[in-house]
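The chains referred to below are lettered A, B, ... by the order of the sequence lines, with proteins before strands, and numbering in each begins at 1.
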Amino acid sequence: MESLGTNGLVLNEKLLFEHSDPGRKGYSLPPLDVEEAVLPEALMREEIAGLPELSEVDVVRHFTRLSTWNYGVDSGFYPLGSCTMKYNPKVNEVAARLPGFAAVHPHTPENLCQGALELMYHLQAALGEVSGFPAMSLQPSAGAQGEFTGMLVIRAYHDSLGAKRTKVLIPDTAHGTNPASAALCGYDVVPIPSGPDGVLTAEAVAQHMNEDVAALMVTNPNTLGLFESQIADICRVVHDKGGLVYCDGANLNALLGIARPGDMGIDVMHFNLHKTFATPHGGGGPGSGPVGVCEKLAPFLPGPVVKKEKGAYRLETPSGTIGRVKAFFGHFGVMVKAYAYIRTMGPEGLKRAAQMAVLNANYIRARLEGTYHLPYKGRSLHEVVFSDRDLGGDCHTLDLAKRLIDYGYHPPTIYFPLVVKGAIMIEPTETECVEVLDEFCEAMKAIAREAEDDPDRLHQAPTRTRVRRLDETAAARKPRLKWEG
Amino acid sequence: MEFPEELKYTEEHEWVLVEDTIVTVGITDFAQDSLGDVVFVELPEVGAEVVAGKSFGVVESVKAVSDIYAPVSGEVVEINEELPETPEVINTSPYEDGWMIKIRIADTSDLDDLMDADAYQAFVEEEA
Amino acid sequence: MSTQYIPHTEDDIRQMLETVGLSSLEQLFESIPEAVRLKRPLDVPSPLAETALLREMKRLADTNATAESHVSFLGGGAYNHFIPSVVDHLISRSEFYTAYTPYQPEISQGTLQAIFEFQTMICQLTGMDVANASMYDGASACAEAVLMAVRATRRRRVLVSQALHPDYRETIRTYCRYLNVELVDVPFDATGGTSLEHLRPLLGKDVAAVIAGYPNFFGVIEDLAVLGEEAHAAGARLIAAIQEPLSLGLLKSPGELGADIVIGEGQSFGIPLSFGGPYLGFFACRQQDVRSMPGRLVGETVDLEGRRGYVLTLSTREQHIRREKATSNICSNQGLCALMATVYLALLGKSGVREVAVQNFSKARYAREKIAALPGVSLPFSGQVFNEFVVSVPGKAHSVLEKLEQQGILGGVALAPFYDGMTDRFLVCVTEQNTRDEIDAFVNALAGGL
């Protein structure tokens with residue numbers, strides 16, 4: 001089989017600052033049409049030392065060359081587990097750039113931004129329907145901020161009852177953001193182990209559950225790609241002692257149209273619009289992390305939320321709000337894309353997305369089980385976690401990941417979840433066709449053979465990229481965090 | 001992996017050299033090996049009081065971070081001034097150049113809780 | 001039912017199920033108990049084809065006022081600036097926008113080098129030693145700065161200027177709600193700047209930081225040097241919050257004036273208004289505090305063959321390693337928005353940033369003088385401003401603004417919702433996008449509407 005990865009002409013490119021030539025510029029402004037005002041000397045700075053001076057062509061070539069050093073979903077298969085790298089529809093980009101969205105100022109009077117508010121209102125409703133939560137805040141900027149918001153809401157609720165609860169239970173399969181968010185709300189984190197099959201048991205939760213516990217944070221499906229099948233009982237156990245259940249919604253894409261966290265007894269959940277609803281990840285953001293809550297928590301949401309009254313849309317701050325977590329209303333530009341996605345897919349399309357995402361993950365599992373060690377055997381949903389246990393030639397997960405790059409793939413998520421030693425977490429998403437999955441599986445198998453026969457190919461990988469493995473130790477020992485000439 | 005006979009050890013993988021009332025503390029060969037390349041060390045100031053079992057500093061590699069726990073209570077009388085600039089010696093010489101702090105011990109009974117080299121080696125083998 | 005985004009044909013599905021060893025799609029979900037299954041179709045609208053979708057999106061978009069449909073003098077933390085066409089063109093390279101966080105540096109050098117350039121330019125503009133790869137927005141960056149100052153000083157009292165952007169102040173309150181940090185308001189004086197008279201008695205050995213806007217919410221250029229001296233005398237950090245970063249083209253850098261942490265909102269650097277987001281928080285500090293800093297950092301290094309390259313570094317500060325002891329729970333940054341700012345700043349460069357700043361400053365001065373000359377109108381604050389200023393009118397500000405609206409002018413941001421007793425005041429912002437004719441028309445309309 002010919003590898004997808006190959007050598008190509010890749011151009012070198014210096015830093016912007018190393019290109020700079022005094023007197024060049026890459027913009028044009030109309031001449032100043034009023035008298036130039038002069039700032040008192042005491043307030044005025046010298047020239048901004050170091051800022052580059054470049055022509056428009058310099059800048060265009062610079063960033064075009066940089067872009068070719070990147071790998072995106074549009075370049076190829078990107079099975080990064082837990083990150084849901086599905087295809088980002090182009091029409092959504094067009095929609096978000098309509099001047100009536102992109103050029104609206106956030107201080108525009110409500111009567112002059114009804115369309116923007118209407119879109120937010122419909123998105124609140126659609127997210128509520130998909131998740132089973134009656135109230136929604138679109139404000140949080142990303143998943144981690146949504147999670148923080150959700151935990152603040154939980155704390156505010158307990159405080160409103162005069163309850164002093166100090167602990168939050170978090171299973172060992174959780175995302176790293178979960179304990180960090182709980183700590184920001186002043187809670188102590190109590191880790192609880194998942195069962196031998198990777199699923200949390202109501203019994204384990206019951207052992208740790210008492211009147212000191214404010215909440216349990218779960219991810220469902222969990223980070224092993226398994227459905228927390230005891231979730232309803234778990235919620236009951238927590239609720240019986242007056243606690244609440246928070247769900248990290250990072251993996252909601254597996255459940256669209258199939259099951260709703262709100263129906264399982266979960267009280268709060270954040271969404272990742274950039275995972276479940278196909279908005280682009282942008283090389284690390286912007287995301288968008290709306291939060292859905294059950295009825296009794298609605299008064300504590302960050303404000304403002306959008307309400308409809310007598311045919312008009314308006315912004316309203318909930319009565320017991322925890323306060324805002326950012327300026328203005330959230331990542332509106334991302335909301336437009338998520339809403340466009342929901343409108344394109346419709347009810348059947350959303351369900352189809354979940355079904356095909358799960359089918360794809362199970363297909364990869366079936367094709368690679370036997371070659372790679374599968375530590376947890378429960379029914380996989382949208383992702384599957386292998387380990388490097390059976391990889392030969394003293395090769396580890398990192399070597400496999402780097403070798404996959406030479407084959408033309410973005411590697412899976414590696415070394416997460418922590419409960420699996422040498423984890424290889426594969427999430428194909430629904431937007432990949434069976435031929436791509438077949439080729440990927442062939443590459444994975446070829447690499448397993450190489451590990452036995454010629455392990456150095458893994459240890460040396462990648463060899464086809466613009467740069468080889470980078471010295472992260474040197475970067476951390478003597479950090480160089482900016483250009484200094 | 002080395003386990004020098006003359007040292008005492010903790011379950012948190014610190015080693016201790018006892019010389020009269022002064023103890024020298026560092027992290028073990030096993031600890032540096034599990035951490036990987038050390039890139040940063042944070043130590044207390046001379047004069048600080050440390051408490052047995054409580055964290056007195058931090059050691060970081062590229063991908064991991066670990067608290068360092070005081071094996072005994074007492075006052076910090078000396079720190080290894082070279083370490084912040086050359087943290088890599090913790091990898092290359094954990095028991096000598098990689099020493100971290102010296103503590104004037106407040107209560108010698110703290111030493112009773114420490115393991116000898118054989119016990120620590122057995123402890124490490126069990127953990128691995 | 002294959003769709004444009006889901007490629008599976010019925011044949012594919014049959015064959016794949018066979019490989020998996022199942023006979024139906026339903027079996028894929030057998031680990032989900034019946035009791036928690038959704039037993040009806042989702043109640044969301046039916047699917048739209050591309051043409052119909054765009055029609056619906058245009059319907060929603062067309063009802064919103066913009067700087068194209070109206071003459072706009074809205075500011076207050078979000079600004080209508082010129083965005084060169086190159087910016088959107090370059091950030092639309094899908095190798096940039098369809099990539100994830102650069103966890104695999106060998107195939108993410110484009111993103112990583114661009115962030116390194118961004119960090120460098122933020123340092124150049126702010127006069128600080130280090131800047132991170134970006135935060136969600138100015139308000140949340142401000143809250144993170146407060147938490148960092150508290151960590152770094154081990155003190156728990158923070159003095160917050162009341163002239164700091166109200167959304168920033170509220171966000172700080174939210175972040176500190178349960179962290180045992182005491183936030184103390186510092187009033188502003190007749191200049192519109194933070195009152196030194198009120199600040200001095202509040203400063204003591206328990207104060208972690210003093211925070212002020214530069215320029216502040218009223219557009220006023222705070223005397224950072226003096227605030228810094230006062231803060232430092234008490235052993236506290238000075239946090240400067242930059243809500244309009246184009247001001248840095250003209251004003252002394254906060255670093256030069258003694259700020260210890262500089263955060264801000266980067267929207268002015270080529271990022272569309274987009275009804276309030278996504279924007280770009282930036283965060284810069286002194287070298288000594290780098291390990292207490294929240295957020296991602298990109299550093300320079302070399303590969304196996306000695307070629308220069310970039311990696312995410314010092315990540316042990318972050319949540320995925322340090323978990324509940326992390327410097328912040330932040331995980332993503334605003335990668336694409338940081339790229340917009342980097343492209344924008346590269347295009348404008350040294351001379352352009354200065355020129356845009358001068359245009360903003362000059363046009364605001366022109367408008368301010370004309371408005372101040374109107375009978376009955378006054379300028380309540382005497383402090384020097386950059387491109388925004390507060391106007392006081394006889395009667396209610398919001399009714400004056402409504403009258404302007406009817407003439408197609410968005411005249412400013414009413415201050416009554418943010419400050420008690422300011423029903424007569426609104427905030428006017430003038431940028432390089434406002435022509436002299438627009439300003440004259442605005443002043444005339446204002447005169448007629450009083």
Side-chain angles (χ1 to χ4, degrees), chain A residues 26 33-34 37 45 50-51 53 59 63 66-67 69-74 95 98 100 102-107 112-113 115 141-142 144 176 179-181 183 186 227 264 280-286 323 327-328 331-333 346-347 358 362-363 366 379 433 465 467-468 470 475 480 482-483, chain C residues 7 20 28 31 36 41-42 47 57 60-61 63-66 74 90 93-95 97-101 106-107 109-111 120 124 136 139 167 174 178 252 272 274-278 299-301 303-304 309 313 319-320 323-324 326 329 331-332 334-336 347 349-350 362 365-366 413 436:
Chain A
D33 55 4
V34 301
R45 78 187 293 163
L51 265 195
E53 294 173 87
V59 174
F63 289 100
L66 259 54
S67 76
W69 304 345
N70 262 14
Y71 189 103
V73 176
D74 286 2
L98 291 171
V104 187
H105 194 286
H107 284 302
L112 293 177
C113 58
S141 310
S181 299
F227 189 81
M264 300 169 196
H281 287 72
F328 308 119
H331 287 170
F332 179 77
V358 173
N362 278 281
Y363 183 75
R379 163 73 55 219
C433 64
T465 43
V467 292
R468 306 266 316 270
L470 291 143
R480 284 174 60 90
K482 63 177 179 184
W483 176 78
Chain C
V20 173
L28 289 168
S31 60
V36 298
L42 285 174
M57 299 306 269
L60 292 168
T63 62
N64 302 317
T66 68
L74 299 178
L90 288 173
R93 297 274 314 183
S94 63
E95 299 93 328
Y97 83 82
T98 73
Y100 196 70
T101 301
E106 298 89 349
I107 46 172
Q109 285 297 304
T111 294
T120 302
Q124 290 163 346
Y136 303 132
D167 281 2
T174 307
Y178 302 116
K252 281 215 163 100
S274 198
F275 203 46
E300 188 178 296
T301 188
D303 78 352
L304 280 174
T313 192
Q319 44 76 28
H320 63 281
R323 301 174 84 85
E324 69 267 26
N329 80 330
C331 183
S332 60
Q334 297 286 97
L336 201 66
L347 288 164
K350 197 182 279 182
S362 302
R365 166 77 61 88
Y366 174 80
V413 179
R436 180 183 188 138

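Contact between G110(C) and N70(A) at its shortest, heavy atoms only, is N-OD1, 3.1 Å. Across every non-hydrogen atom of L90(C) and F63(A), the tightest pair is CD1-CB, 3.8 Å. G115(A) and N64(C) make their closest contact through N-OD1, 3.1 Å (heavy atoms, listed as atom of the first residue, atom of the second, distance).
Between the R436(C) side chain and the D33(A) main chain, a donor and an acceptor come within less than 3.5 Å of each other. With hydrogens and angles disregarded, a donor-acceptor distance shorter than 3.5 Å links the side chain of S362(C) to the backbone of A37(A). Side-chain N or O atoms of E106(C) include none that pairs as donor or acceptor with a backbone N or O of T465(A) at under 3.5 Å.
Atom-to-atom distance recorded for L66(A):CG and Q109(C):CD is 9.0 Å, nearest 0.5 angstrom.
Applying the side-chain contact (heavy atoms from CB on, under 4.5 Å) criterion to A475(A), with sequence neighbours excluded, gives T301(C), V311(C), T313(C). Y100(C) pairs by the ring-ring contact (aromatic ring centres under 6.0 Å, His included) definition with H281(A), Y103(C), not counting sequence neighbours.
Between S67(A) and R93(C), the side chains place a donor N or O and an acceptor N or O closer than 3.5 Å (distance only, hydrogens not considered).
V20(C) touches chain A through backbone and side chain together, each having a heavy atom under 4.5 Å away. Within the 4.5 angstrom heavy-atom criterion, atoms from both the backbone and the side chain of Y136(C) approach chain A.
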